[in-house]
Amino acid sequence: KLTSFKGISETNKYIKRNFLTANEFNRFIQSFDLNSSYIFSINYKKLKQKQCVNQSEYIIFKSLLYKAFFYMAFYTGLRKSELRGLRWCDLLDPDITGLLSVRVEKQYSDKCTSYVNKADFTREPKTKSGVRRCYLHVECSKRLQELSLYLISRNIYNANEYIFNDFFIKNPKP
């Protein structure tokens, strides 16, 4: 039996639950916290260009980056391409609600990059309803703040840069 998005238990074989519950997400984050340093240490050894960063700094950065990405995906419901297309300047100051929000106007696309000769390519959403404002959960805001403080302390922060940019590869991209 599967639980539909309305919370109804159903046996229909065509229903697919494509989201995580809060408990499943918490278990995922706990597993990520336990295993991320091991996985990222293996990735560090495979790097061809280490760009003047030691292994511990690399692991800390990657953990902050991926954790912020996972929190944004879970709490906002944005698509992967929308998350990859977000820039720091898309974050909006708290309004009357007191919540931080993000302006979703662009999507990142790896397709067509060979045609336009760009290292990255952002495009408009397919429909007008794709342009929207998403409010961020407090936990999500905390993760983004941790990531931005880390980048600021390393002099890597740039307001026009992608939020989820991987700086430690040869051609950085989200």
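Nothing here was measured: the structure is a model prediction, and the numbers come from that model.
- To the nearest 0.5 Å, atom CG of residue Asn35 and atom CD of residue Gln30 are 11.5 Å apart.
- In this structure, the side chains of Trp88 and Leu151 come closer than 4.5 Å at one or more pairs of heavy atoms.
- Note that OG of Ser148 and CZ of Arg143 are 12.5 Å apart. Values are rounded to the nearest 0.5 Å.
- Between Ile29 and Tyr71 there is a side-chain heavy-atom pair separated by less than 4.5 Å.
- By the 30° and 60° cut-offs, the orientation of the rings of Tyr66 relative to Phe70 is tilted.
- Looking only at distances, a side-chain donor or acceptor of Asp90 sits under 3.5 Å from a matching main-chain atom of Arg87.
- Taking each heavy atom of Thr76 and Tyr135 in turn, the nearest pair found is CG2-O, 4.4 Å.
- By the rule that hydrophobic residues join a cluster once side-chain heavy atoms approach within less than 4.5 Å of another member, Tyr150 and Ile152 end up as members of one cluster.
- We find the OG-NZ distance between Ser36 and Lys62 to be 11.5 Å, quoted to the nearest 0.5 Å.
- Using a 4.5 Å heavy-atom cutoff, the side chains of Glu57 and Arg154 are in contact.
- Between the NZ atom of Lys67 and the CG atom of Leu65 there is a distance of 13.0 Å, given to the nearest 0.5 Å.
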For this session: May I have the step-by-step check of side-chain hydrogen bond (donor to acceptor under 3.5 Å, both in side chains) for Thr21 and Asn23, ending in yes or no?
Result: CA-CA 5 Å; Thr21 64; Asn23 287 337; 5.4 Å; no
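- One finds the CG atom of Leu147 at 11.5 Å from the OG atom of Ser63 (value rounded to the nearest 0.5 Å).
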Exercise. How far apart are the C-alpha atoms of Ile163 and Leu83, what are their side-chain angles, what is the distance that settles it, and do they pass the side chain to side chain contact (heavy atoms under 4.5 Å, CB included) test?
Worked result: CA-CA 8 Å; Ile163 294 175; Leu83 287 168; over 6 Å; no
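- Using the six-membered ring where Trp is involved, Phe74 and Phe25 have ring planes that are parallel, under 30° apart on the 30 and 60° scheme.
- Cluster membership check: Leu149 does not share its hydrophobic cluster with Phe69, using side-chain heavy-atom separations under 4.5 Å among Ile, Leu, Val, Met, Phe, Trp and Tyr.
- Counting heavy atoms from C-beta on, the side chains of Leu91 and Leu136 come closer than 4.5 Å.
- Of the possible donor and acceptor atoms, none in the side chain of Ser31 sits under 3.5 Å from a partner among the backbone N and O of Arg27.
- Glu146 has no carboxylate O lying under 4.0 Å from a charged side-chain N of Lys142, or vice versa, which leaves the two without a salt bridge.
- Of all non-hydrogen atoms in Phe40 and Ile59, the two that sit nearest each other are CB-CG1, 4.0 Å.
- With a 4.5 Å cut-off on side-chain heavy atoms, Tyr162 and Arg84 do not count as touching.
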